[in-house]
2 protein chains.
Amino acid sequence: MKVSTVWLALVCFSSAGSVIRAHADEGMWTFENFPAKTVAAKYGFTPSQAWLDHVRVSSLRIAGGCSASFISPHGLVMTNHHCVVDCVQSLSTAQQNFVDKGFSATTVADERKCPAFELDKLIEIRDVTSDVRTALAGKTGDAANLALRAETAKLEQSCGSDPSVRCDLVSLYHGGVYSLYRYKRYDDVRLVFAPEYAAADFGGDPDNFNFPRFDLDIGLLRAYENDQPVSSADYLHWSKDGSHEGELVFVSGNPGGTSRQLTVSQLEFERDMVFPALMPDLGEYRGMLEQFSAMGPDQAREANESLDGVANYFKARIGRQQALMDTNFFHTKVEAEKKFRDAVAARPDLAVAANPWDDLARVQQERSKLFVRYSSTAGSYFDAGLLGGAIALVRVPVERAKPNGERLPEYTDQSLVATQADLLAPVPIYKDLEELSLRLAFTAVQRNLGADDPFVRKMLGKESPDQLAHRLIQGTHLDDVKVRETLLHGGQKAIETSNDPLIRFAILVDPDLRAIRKEYEANVDAPTRADEEQIAKLRFAIYGTSIAPDATFTARLSYGTVKGFNDAQGRWVQPYTTVAGLFERATGAPPFVLPPRWLSAKTRLNLSTPVNFSTTNDIIGGNSGSPVINQDGNIVGLIFDGNIFSLGGDYGYDPESNRAVAVDSRILLEGLREVYSLDRIVNEIESSR
Amino acid sequence: MKVSTVWLALVCFSSAGSVIRAHADEGMWTFENFPAKTVAAKYGFTPSQAWLDHVRVSSLRIAGGCSASFISPHGLVMTNHHCVVDCVQSLSTAQQNFVDKGFSATTVADERKCPAFELDKLIEIRDVTSDVRTALAGKTGDAANLALRAETAKLEQSCGSDPSVRCDLVSLYHGGVYSLYRYKRYDDVRLVFAPEYAAADFGGDPDNFNFPRFDLDIGLLRAYENDQPVSSADYLHWSKDGSHEGELVFVSGNPGGTSRQLTVSQLEFERDMVFPALMPDLGEYRGMLEQFSAMGPDQAREANESLDGVANYFKARIGRQQALMDTNFFHTKVEAEKKFRDAVAARPDLAVAANPWDDLARVQQERSKLFVRYSSTAGSYFDAGLLGGAIALVRVPVERAKPNGERLPEYTDQSLVATQADLLAPVPIYKDLEELSLRLAFTAVQRNLGADDPFVRKMLGKESPDQLAHRLIQGTHLDDVKVRETLLHGGQKAIETSNDPLIRFAILVDPDLRAIRKEYEANVDAPTRADEEQIAKLRFAIYGTSIAPDATFTARLSYGTVKGFNDAQGRWVQPYTTVAGLFERATGAPPFVLPPRWLSAKTRLNLSTPVNFSTTNDIIGGNSGSPVINQDGNIVGLIFDGNIFSLGGDYGYDPESNRAVAVDSRILLEGLREVYSLDRIVNEIESSR
């Protein structure tokens, strides 16, 4: 399941449970450090370099926070429905609701461009650790941030200004290694197929992160260049027979982020500060969206995607918190850190002037002073929706006037490609939903900082949060893409002379937002980075690369087997579900409604065909849409979720219960053929076998 | 601030901060153990027995969760606006909105009866510890619960069956002492005065639990008997000059509940299980209500009280959690427990077979297995609103057919008085709001227990939570008080033959609700009670009665002084606010809008009259409406809130920062005279000086 852009940048299903055991199937490995020998010893299969290369170059990343893969030589791309639902919704109208009814491009001409969609294919990884270290040497606080910003811009810009190339500076092992990832960027990506939402998300929120599961969570896209489907020399073939219980399988994708290498003081901050600060507001947003949806079918359609994302994040966050609240689990973290620190202390050659663990504990004290103000004025509250667009419009000319290396990171030449594409995307904007979000945002800021806070007084003036949200949203014309385009291309003067209330508001608050961010980054981010880098070096010295780096939304490979697990009541859950089970589970009431096409196709379907299956692969949010691959390098499934025990996996992996959940390759083909009659696509996939 | 009946039975502003210091002004003392000597030593004033008696018998309790006092010989009662807003809303219509416009009974004939309102005057306290101990001796689990239930019914019934008498069995010191509290019950209580909501709750949620503060949070009632105002021989006189900084003051009221004597394992459960389980759902409910309110003025009026209660609980609960998350504060709890246990261990005469602390830790393990199911099917979800009424209607004939001592506690002869009054109260019921609540209730139960849970399957059948909520609420006629009356008086047969969908649903789920409750009470409540009683005996042995018992919504007296405090930025906050400050703070936008009557009265008001003030008195939710009393036993203020540092006071009291917040007696009289022209009431109060 994916997370709404309103609430965060990262996707968020997660893996792992309450006890860490080394050398289970744990690890989201980089391709360059894949533990082939461990896999060989455990499973008798050694992935060759050619095998690894083939899988890597056939895999893709979706910039919004998902994974994907080429599955034909003609640019056909497989990912999850929940990774393309943004696009499906954008292409929908009140008259033609593709979210509800599904979308099938009968001919190639029917394939429709997804607005502001970016697909990345990894081309090259270059180690730039020494460049970054040199740039940061001797600098702290804001100076370190500015130096890193400049070096990042320089390195990323070194790939040139071709918008079809994207370079990202990536920090692995929390600063142990810096790499420059070079991607081929596809921005003409078209929708080929999306099932009905009810089939893709069958079981909805109650079944989310649960197994047994019965979802057809697939979305098919096609990458284009020069208005033609791209030739994808590298692509994954479809397995003929699918998988079987106990089989060794791999998952290739871009896990978004894990926190397994955080120190105890950092984990305590997550547990004691972040959750209590964020969850009540998130629940409130969820409730507002639910009640908004209850107003009518149009509102339900408008809010569907946000609601889905919030519900998903909600469940994931509670699961993560439960892991941190589990005193046994937390104790393993405390013990592991103690062991690591003891090992460092026993090595005189590793003596360092400062103690990075103690310093991080100090940083958390500082962070606790700044956190509420920072989190109330960043991210979900001010960066999203129309207000986020207004702030971006205000910042573009200001930042563009600066040298590339001195800009805020979102406005470097490289980043401006995506920033501008977002601003100019012809996505539908629902003003009542925008007003709802801003009402909550302003209310929460007032609540969190207090009515007497100078920023709150400046922000609200003599208005209430409701009044301000209403005036800004009802008065703005930024929902018109032409207005945004005019402002974007009009430069500083267009902004200065704009009477749009949202632009005026963005101009008013921008200096405060920048100042709050700068203070937080200088006092929290900079020292955290320095301490973590120190710890990373020590970790290399003690453990080498035997521990996988935390996930960073970059290419990773995990291994595991198709396997069931014991549920909370101790009953064994089989690893495969079937079409028969799907029909049994359909009550006819949401979210257990099967679309008419499925009901009428029942007699044509093989009731014993597997629908979903569970594996021991170590994955996390961002892995959505990852192919599940067998030893032959062929597709046997499509990752879309984890089981309930995988929640909390942000902090550790429990091989006993943590399971990845995938759509079976067999129901995918059978469904495309028998339910959706999409023979041209079935043929394209099958002829690529 | 008070809490919505939808969410809990207890009122919830709270006192205390991060460090416990003995013999500060800590303690919500019983009148029989009031530390008069400590007060004399510290402040040079010894409250005499006559002084204490006069204050006690002039004080009142409002059964819903507030405090009050007689302030004239003619039954005039002072409490908070937020303690009578239920009544004000019940008397309002769309045409005549007393919540918005305020209510003033110009003559005694204009005083209007509050539906289902109960005012209790304490008559007698009898020690029944040995009766209860004898009844419970040798019993555990369900048997102990049944024995306590029978003994409670017997003791409470010993007061007779006159509905104007109420007897409550009260456990003090967590089972250290059992007392039978006998009250005179007034059920004809009429509204005399309520200011506009905007004046009573000026500053709304942003200012809630904050100081400086500017609220006129007063409500005036009158108790009647035989359709005549009661003669209240015992009443508090109004002080002539109000209070001054540093003055010794007392608060007499009924603090609802504190948790200062919980063990570390119980506090950990609160912190690690209760908060994460409840807050996201509470946030969701808040968001739904907010969005419901945004639909129009009628909806805003309907949802106002629930929203107010939820917002209040929200803030209070976060404050309490922050106290538990404060590692320094928690450490003081750990250390205090260790010291206590060491002291017990050093006394061979106190040797006990079982270790109650270790057993309570074991009980928490058991509790964690049952908690989600129990909390999902009790309290807020199934006990409130129309569904709560349906379940009560279904249970009344079943329980009434049993001997008094074998009934569920809510259905003993004594409790049935209130249960039936609630069922027959002609309060307005808003079906759309009821549907909203049930939608969330069913969704949360499905989410918390899983779609495959047998109870969830039974509850939902083939319907979704939304469909079920819609069908039940739209189909029910229980919103008609006559229908409820017919069912209540029709006995078992009327229930069995009813086709009302909500009654049918209540019949369906009642056995499960009973079974879940019984299991929880047997495995959690019973052993907890036994362990706590053991600890209470040990505490008496070590500390005597030098520590006040945890609050139990019974008569308590606290002492303190009028005093400011340092705010979060370390700036000293003066203890009094003034009328001038009120006018300065009024932006004109909600919740900082002054009603027209105040604006036009400005020239008649003394701008230096104190509006609110802060004191060091140790109070908590339930104290709302308590009089603040000077050494002469006269009223100088009216408690309505605590400051932000008082949140978390459930667990401990911090004399440095914890402050009670009260309305000043001077603005009360001046407001009644100059703003509301309620001379007959001003005269009644002044002639009682």
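Quick caveat: nothing in here was measured; it's all calculated off a predicted structure.
- Of the atoms belonging to B:Arg317, not a single heavy atom falls under 4.5 Å from chain A.
- Of all the listed residues (B:Pro280, B:Ala277, B:Pro465), the one sharing the greatest number of non-hydrogen pairs under 4.5 Å with chain A is B:Pro280.
- Distance check: B:Ser368 OG to A:Met325 CE gives 13.5 Å after rounding to the nearest 0.5 Å.
- Chosen from B:Gly287, B:Pro590, B:Ala451, the residue pairing most often with chain A at heavy-atom distances under 4.5 Å is B:Gly287.
- Atom OH of B:Tyr285 sits about 13.5 Å away from atom CD of A:Glu290, to the nearest 0.5 Å.
- The salt bridge (charged side-chain N to carboxylate O under 4.0 Å, His left out) test applied to A:Glu519 returns no partner, not counting sequence neighbours.
- Between chain B and the residues A:Pro206, A:Gly203, A:Pro212, the largest count of heavy-atom pairs under 4.5 Å involves A:Pro206.
- For the pair B:Pro276/A:Ile318, no side-chain contact is recorded, criterion being any heavy-atom separation below 4.5 Å from C-beta on.
- With a 4.5 Å cut-off on non-hydrogen atoms, B:Asp272 touches chain A through its backbone and its side chain both.
- Once rounded to the nearest 0.5 Å, the distance linking CD of A:Gln291 with CG of B:Leu289 reads 8.0 Å.
- Between chain A and the residues B:Pro591, B:Ala589, B:Gly588, the most heavy-atom pairs under 4.5 angstrom are made by B:Ala589.
- A:Glu284 is linked by a salt bridge (charged side-chain N to carboxylate O under 4.0 Å, His left out) to A:Arg447, B:Arg286, counting only residues two or more places apart in sequence or in another chain.
- Note that CZ of B:Phe292 and CE of A:Met288 are 14.0 Å apart. Values are rounded to the nearest 0.5 Å.
- For residues 452-463 of chain B, a heavy-atom distance under 4.5 Å to chain A picks out B:Asp452, B:Arg457, B:Lys462, B:Glu463, given by residue number.
- A distance of 9.0 Å separates CE of A:Met279 from CG of B:Asp281, quoted to the nearest 0.5 Å.
- Only the side chain of B:Phe314 has a heavy atom closer than 4.5 Å to any heavy atom of chain A.
- Contacts of B:Met273 with chain A are absent, with no heavy-atom separation under 4.5 Å from either backbone or side chain.
- By the side chain to side chain contact (heavy atoms under 4.5 Å, CB included) test, B:Ala586 is found to be paired with B:Phe202, B:Leu594, residues two or more places apart in sequence or in another chain being considered.
- Residue B:Gln467 touches chain A through its side chain alone, counting heavy-atom pairs closer than 4.5 Å.
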